[in-house]
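Structure record follows, encoded as structure tokens.
The shown structure was predicted, so the numbers you read here are calculated from the model rather than taken from an experiment.
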Amino acid sequence: MFRTPDLTALSQGARIFFLWRALPLAALAGALAATESLPVGLAVLAAGLGIGALALREQNRLAREATYAHLDAERLRDFTDLVTDWHWETDAALKLHYSRAEGHLATALSQRAVQGRRLWEIDGLAPAHGDWEEAHRQFQSGQSLQLHLVLRRPDGTSRHIELLGRPIRPADGRFAGYRGTGRDETAFVLSTRALRELETRHREMVNHLREVIFRIDAHGRITYLNRAWETLTGQPVNQAIGQRVLRWLSKDEARYLLARMEPMLDGRRSAMQIEVRTGTGSASARWLEIAIGARFDAQGRLESLSGSIEDITARKQAEATLYDMNAELERRVKRRTAELEASNRELEAFSYSVSHDLRNPLRAIDGFSQIIMEDYGDRLDATAHSHLGRIRAASQKLSTLIDDLLELGRLTRAPISRAEVDLSAMARAIMRELQAESPERNGRLAIGTHLMARVDPMLARVLLEHLLRNAWTFTAGRDMAEIEFDARLRNREVVFHLRDNGIGFNMDHAAQLFKPFNRLHDQSDRSGTGIGLATVARIVARHGGRIWAEGSPGKGACFYFTLPDPSH
């Protein structure tokens with residue numbers, strides 16, 4: 001950029017010039033000498049050719065040196081341009097008389113913008129820290145400069161500049177100003193600032209963790225801890241840094257921890273999790289869960305250990321409490337199971353008693369009533385016949401009620417064995433049986449196709465038989481009994497329904513439908529014991545489903561139920 005005359009190059013050029021001038025003179029002298037003496041002339045000519053060869057070699061050497069010098073100059077210029085964004089120079093009064101800026105600095109620091117100004121007089125240019133006072137002292141000292149400046153531009157953005165300068169001193173030694181460069185370091189400053197902010201946020205986040213975050217060097221000394229250490233140990237972090245970690249453990253605890261860490265310390269594992277109990281036998285005993293990882297160098301030597309420590313004392317206490325509760329619950333379950341088994345045995349004994357001890361008197365009542373009607377019927381009036389008929393009907397109904405109660409108890413205790421069952425085919429078979437019992441009735445049956453369910457086949461048969469018989473019974477007064485059995489998907493759940501056009505019921509009493517012995521209709525109007533729907537509800541509940549009903553007096557009824565598959 002600033003060059004002085006190359007005296008060496010000038011002297012070498014003059015030497016080549018004189019050599020080339022001497023060559024024709026030597027040739028002329030050789031020709032003249034040849035006229036006098038041929039040997040002398042040849043000798044003079046040979047000397048001239050030597051001078052020419054010497055001149056040619058010198059010229060080639062200078063050409064190579066010039067090429068190398070040109071390449072060096074280009075390299076120097078490129079290197080200078082790559083590492084600097086601003087070249088500047090001042091006079092002895094520190095006023096800028098040369099400035100060449102590039103990139104983001106080109107406009108604000110151009111020759112026209114800063115000509116005749118001192119650095120502190122440039123608009124928007126100021127030290128990054130403090131004011132110009134320190135910079136003035138550096139300028140007045142006449143020594144080399146190194147300043148960090150900020151250039152604030154009119155659009156609100158800022159550029160950070162590292163300024164370097166050297167004093168200019170000619171041969172006489174007087175101070176003639178400064179010459180220097182400026183480098184735009186905005187990207188570096190912003191990235192450094194972002195990294196510092198990220199480190200601050202990371203440190204704050206780590207310090208707010210409940211777990212202790214630690215780092216240990218290869219010698220077992222603590223090199224980093226977060227604030228959770230103070231909560232765990234009650235000691236300041238700065239007192240623990242540089243100390244050996246085993247210092248906070250007893251000999252037995254340290255021996256146990258080192259034994260557990262052996263696979264990681266010898267390089268077989270890179271990470272592991274360990275539970276350690278500290279302060280055993282004291283009031284401050286704690287359980288600690290240590291998650292630790294190892295870092296090794298290229299030669300496989302241990303460099304450091306890092307990880308976290310969590311106080312799991314509360315969890316361990318809860319686990320112990322839960323274990324005690326589970327043990328107590330298991331004891332209660334066993335006791336309750338024994339009680340239930342005893343109750344079931346008593347219920348079986350009761351069922352046996354009902355099945356045998358009560359049936360004999362009922363058979364006797366029914367049998368003797370029939371004998372009286374057959375043997376003494378001609379001696380009895382109509383009222384006596386009516387009373388005996390009612391006695392027989394009541395005894396037969398009581399026998400049926402006993403059968404239904406026994407069935408309800410059996411269904412409650414019987415184990416469930418699920419299988420894929422075609423409810424559509426099962427419903428058709430049941431309706432054929434009902435129509436065969438009352439061939440004089442007309443009915444229209446609508447059954448959905450392939451209504452499949454994973455249920456106990458026997459219980460499913462009982463469920464459908466009770467519902468269909470219930471619908472067939474309460475549509476007896478219709479000219480055409482209409483019964484529909486189908487299923488719909490509601491809220492991702494398959495809901496079966498059985499609808500009829502029978503006498504219906506009042507929704508105010510819907511809650512009583514599925515309770516034993518509760519009937520919503522007059523005993524004299526329809527047959528039944530009031531156990532059927534209770535049995536249906538029990539079967540649905542044992543399959544984990546729900547059942548409900550909707551109806552209106554004189555407009556029929558609809559029963560809904562679900563049979564969820566436990567595998568789903």
If a pair satisfies side-chain hydrogen bond (donor to acceptor under 3.5 Å, both in side chains) and one of its residues is in residues 455-465, list it, with sequence neighbours excluded. Glu433-Arg461

For [X], what residues pass the ring pair (Phe, Tyr, Trp, His ring centres under 6.0 Å) criterion, not counting sequence neighbours?
| X | result |
| --- | --- |
| Tyr560 | Trp548 |
| Tyr178 | Phe139, Phe175 |
| Trp287 | none |

Under the salt bridge (Lys or Arg N to Asp or Glu O under 4.0 Å) definition, can you give me all pairs with a residue in [range], not counting sequence neighbours?
| range | value |
| --- | --- |
| residues 488-499 | Glu484-Arg499, Asp486-Arg488, Glu493-Arg546 |
| residues 114-123 | Arg117-Asp123, Arg118-Glu121 |
| residues 323-338 | Glu328-Arg331, Glu328-Arg332, Glu330-Lys334, Arg336-Glu339 |
| residues 132-141 | Glu133-Arg137, Glu134-Arg137 |

Presence of salt bridge, Glu275 and Lys316, under 4.0 angstrom: yes

Please determine whether a side-chain nitrogen of the Lys or Arg among Asp311 and Arg286 lies less than 4.0 Å from a carboxylate oxygen of the Asp or Glu. yes

Name each donor-acceptor pair under 3.5 Å that joins a side chain in residues 264-273 to protein atoms two or more places apart or in another chain, with its distance.
{"residue": "Asp266", "atom": "OD1", "partner": "Arg268", "partner atom": "N", "Å": "3.3"}
{"residue": "Asp266", "atom": "OD1", "partner": "Arg268", "partner atom": "NE", "Å": "3.2"}
{"residue": "Asp266", "atom": "OD2", "partner": "Arg268", "partner atom": "NE", "Å": "3.0"}
{"residue": "Asp266", "atom": "OD2", "partner": "Arg268", "partner atom": "NH2", "Å": "3.0"}
{"residue": "Arg269", "atom": "NH2", "partner": "Ala271", "partner atom": "O", "Å": "3.3"}
{"residue": "Gln273", "atom": "NE2", "partner": "Glu289", "partner atom": "OE2", "Å": "2.9"}

For residues 209-230, which residue pairs qualify under ring pair (Phe, Tyr, Trp, His ring centres under 6.0 Å), counting only residues two or more places apart or in two chains? Trp229-Trp248

Just to verify, what does Thr337 make a side-chain contact (heavy atoms from CB on, under 4.5 Å) with, not counting sequence neighbours? Val333, Glu341

Taking only residues two or more places apart in sequence or in another chain, which ones pass side-chain contact (heavy atoms from CB on, under 4.5 Å) with Ala108? Leu151

